[in-house]
Amino acid sequence: MDNGKFIKPPQPPPLFNGTAESILATIKSDFVRHRAILDKIVATVTPATATFQSVLQPILLSENATDTRKWVNGFYQLASPDAALRDASREAEELIDEFDIECNTREDLFALIDAAYATRHSQGLDGESLHLLEKEWRRNVRNGLLLPPGPGRDRFKAAQKEISHICLAAQKVLDEDTDGVWFAPEELEGVPEDDIEVDALEKGTGEYEGKVKVTFKYDHLVPLYKHAIHEATRRTYMIAVVNRANKNAPLFQKIIELRDEAARLVGFKSHAAFKISSRMAKTPETVYSMLQNIKELTEEGIKQDIATLLEYKKKDCEERGAPFDGKLYFWDKLFYSRVRRSKEFNVDEVAVSHL
């Protein structure tokens, strides 16, 4: 078989060699270029000549050209060991959000999109182009551009900016979180060394002398839930996980209030109605109906699964001489689901992970 045509990839892979200075410079350069494209469209196209090709196509091509850089620059805040680079990545994301709000609330541009939308069925568009035109028109409507100019539209735009700022602040709290739970090594019995290397964990001092720190990061979270034999370990850890970063609670409350306000400003009863309007379901009522239907179809099976897992828990507790209160808790689910897969389907997840 001739694999010659596969030697060269269709495009180069993304490079993660940015610096705090370079990613901000790149983003700002992209803003200048994209804004110039929008300004040119507004200057050269009129509502009478507005079509998908003359208005939306150049906008979408410009956005596509910057998407790779946008996602690469956003990735640093989640993965870079350099605090300055993480902060620059978050700053870049906030700048992108503000720029998107600026672009998505331009009346002059929406006038052309609206004109192209009005003649969409006479433009001979293929299915994909028609879908994109209709989707972009609806997005602009949801951005408040059918609101008359004035305090309402200005408030919607301000609320969107505030939501973006608070979301990034809340995400930073989670990204920079180094908290965890201190356990004695024997409390981590059952967790594979390949998943959590106990000897490599941070060692405690003072009141935590003789203990090690299990963080809330994903590579600690899932292995502990799935493999820690002692229920007290799983329970202690889960309670700590769901109560982490409590300083975000007032930020979440503010986000909820702002999202509700913004949705009502553009004519929706709730944030849920606002978001779902652009999805397949279209309304919250459709989602509720679907979920109720799923519940009715699966309720009996779920009860059977719970009963099966409870039997595994009972047997496990009896074998280890551990107390059994006849209840299955949320922190038990992953552990006994793994036990069940091992017993009923002969699945050794540790062995599979070594393949």
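Predicted model only: the values in this text are computed from it and were never measured. Count residues from 1 along the sequence.
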Hydrophobic clusters here meaning ILVMFWY residues chained together by side-chain heavy-atom distances under 4.5 Å, can you tell me if [X] and [Y] are in one?
| X | Y | result |
| --- | --- | --- |
| L328 | L334 | no |
| F274 | I276 | no |
| V55 | L146 | yes |
| I37 | F110 | yes |

Only one of R340, E344, K343 passes side chain to side chain donor-acceptor pair (under 3.5 Å) with Y312; say which it is.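 When R340, E344, K343 are each tested with Y312, the side chain to side chain donor-acceptor pair (under 3.5 Å) holds only for E344.
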I need the minimum non-hydrogen distance between [X] and [Y], along with the two atoms involved.
| X | Y | value |
| --- | --- | --- |
| C103 | L38 | SG-CD1, 3.6 Å |
| R69 | D30 | NH2-OD1, 2.9 Å |
| E187 | T233 | O-OG1, 2.7 Å |
| T105 | L145 | O-CD2, 3.6 Å |
| A245 | V173 | CB-CG1, 3.8 Å |
| F183 | L224 | CE1-CD1, 4.1 Å |

Do T119 and S122 pair up side chain to side chain, a donor and an acceptor below 3.5 Å, judged on atom types alone?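 Checked: T119/S122 side chains show no N/O donor-acceptor pair below 3.5 Å.
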When you compare the side chain of [Y] with that of [X], does any pair of heavy atoms fall below 4.5 Å?
| X | Y | value |
| --- | --- | --- |
| H220 | L201 | yes |
| T66 | R33 | yes |
| K313 | E231 | yes |
| E98 | S164 | no |
| I96 | K70 | yes |
| L85 | I23 | yes |
| P47 | L112 | yes |
| V339 | D316 | no |

Pair [X] + [Y]: basic N to acidic O under 4.0 Å:
| X | Y | value |
| --- | --- | --- |
| D179 | R244 | no |
| R90 | E176 | yes |
| K157 | D154 | no |
| R35 | D39 | no |

Separation between [atom1] of [X] and [atom2] of [Y], rounded to the nearest 0.5 Å:
| X | Y | atom1 | atom2 | result |
| --- | --- | --- | --- | --- |
| E162 | C167 | CD | SG | 10.5 Å |
| M280 | T286 | CE | OG1 | 11.5 Å |
| I113 | F52 | CD1 | CZ | 11.0 Å |
| K226 | D195 | NZ | CG | 8.0 Å |

State whether the number of non-hydrogen atoms from other residues, nucleotides or ligands found under 6.0 Å of [X] atom [atom1] is greater than 12.
| X | atom1 | result |
| --- | --- | --- |
| N346 | CG | no |
| F330 | CZ | no |
| K203 | NZ | yes |
| K40 | NZ | no |
| F75 | CZ | no |
| K213 | NZ | yes |
| Q292 | CD | yes |

Between [X] and [Y], is there a donor-acceptor pair closer than 3.5 Å when you use the side chain of the first and the backbone of the second?
| X | Y | answer |
| --- | --- | --- |
| E94 | E91 | no |
| R234 | A228 | yes |
| T215 | G180 | no |
| T68 | A65 | no |
| S54 | T51 | yes |
| S29 | A25 | no |
| S22 | G18 | no |
| Q123 | A116 | yes |
| R139 | E134 | no |

Relative to each other, are the rings of [X] and [Y] parallel, tilted or perpendicular (30° and 60° limits)?
| X | Y | result |
| --- | --- | --- |
| Y117 | W137 | parallel |
| F31 | F99 | parallel |
| W331 | Y329 | parallel |
| Y208 | W182 | parallel |

Among E261, E257, R259, R264, the one residue meeting side-chain contact (heavy atoms from CB on, under 4.5 Å) with H271: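 Output: one option passes, namely R259.
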In a check of side-chain contact (heavy atoms from CB on, under 4.5 Å) between I239 and each of N243, T236, V241, which one passes?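 Filter result, single survivor: N243.
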Take M238 and Y225 through the side chain to side chain contact (heavy atoms under 4.5 Å, CB included) test and state the conclusion after the steps. CA-CA 8 Å; M238 176 167 283; Y225 285 152; 3.6 Å; yes
